[in-house]
Amino acid sequence: MRVNNEEKRTIVLSIGLIGFNVLSIYLVIQLLGYDEILNYPADGSIERESPKGLAWLLFINGMCNLLYVVVVLMARLMNPDKN
């Protein structure tokens, strides 16, 4: 099996994207551990916000992106029509 430069670049970029997605999912899981985020505006009050809704949205997005990239990479590597 001979791999040309375009296929090498596709494989390397796909693996890099998988690594980035795994890192972002790890950070989103860490964000899910926070109960609230505090903000201290200039007027001296305290604003509280829960990051869980956004964290779940980012988690689902990251998982779907990771699934898509892995499936595309596997389909590219296991293409039976290649010589």
Do [X] and [Y] share a hydrophobic cluster (ILVMFWY, side-chain heavy atoms under 4.5 Å, transitive)?
{"X": "Leu27", "Y": "Leu17", "answer": "no"}
{"X": "Leu54", "Y": "Ile29", "answer": "yes"}
{"X": "Met78", "Y": "Val70", "answer": "yes"}
{"X": "Leu23", "Y": "Leu13", "answer": "no"}
{"X": "Leu77", "Y": "Leu67", "answer": "no"}

- Query: Within a strict 4.5 Å, meaning less than it, do heavy atoms of the Leu66 and Ile25 side chains meet?
  - Reply: yes
- Message: Please check this pair: side chain of Asn65 against backbone of Asn61, looking for a donor-acceptor N/O pair closer than 3.5 Å.
- Response: no
Can you see which heavy atom on [X] is nearest to which on [Y], and at what distance?
{"X": "Leu73", "Y": "Ser14", "result": "CD1-CB, 3.8 Å"}
{"X": "Ala55", "Y": "Leu31", "result": "CB-CD2, 3.9 Å"}
{"X": "Pro41", "Y": "Glu47", "result": "CG-OE2, 3.5 Å"}

Starting at [atom1] of [X], measure out to [atom2] of [Y] and round the result to the nearest 0.5 Å.
{"X": "Ile46", "Y": "Glu36", "atom1": "CD1", "atom2": "CD", "value": "9.5 Å"}
{"X": "Ser50", "Y": "Tyr34", "atom1": "OG", "atom2": "OH", "value": "13.0 Å"}
{"X": "Met63", "Y": "Asn21", "atom1": "CE", "atom2": "CG", "value": "10.0 Å"}

- Message: Taking CD in Glu49 as the centre, count heavy atoms belonging to other residues, nucleotides or ligands within less than 6.0 Å. Is the count above 12?
- Response: no
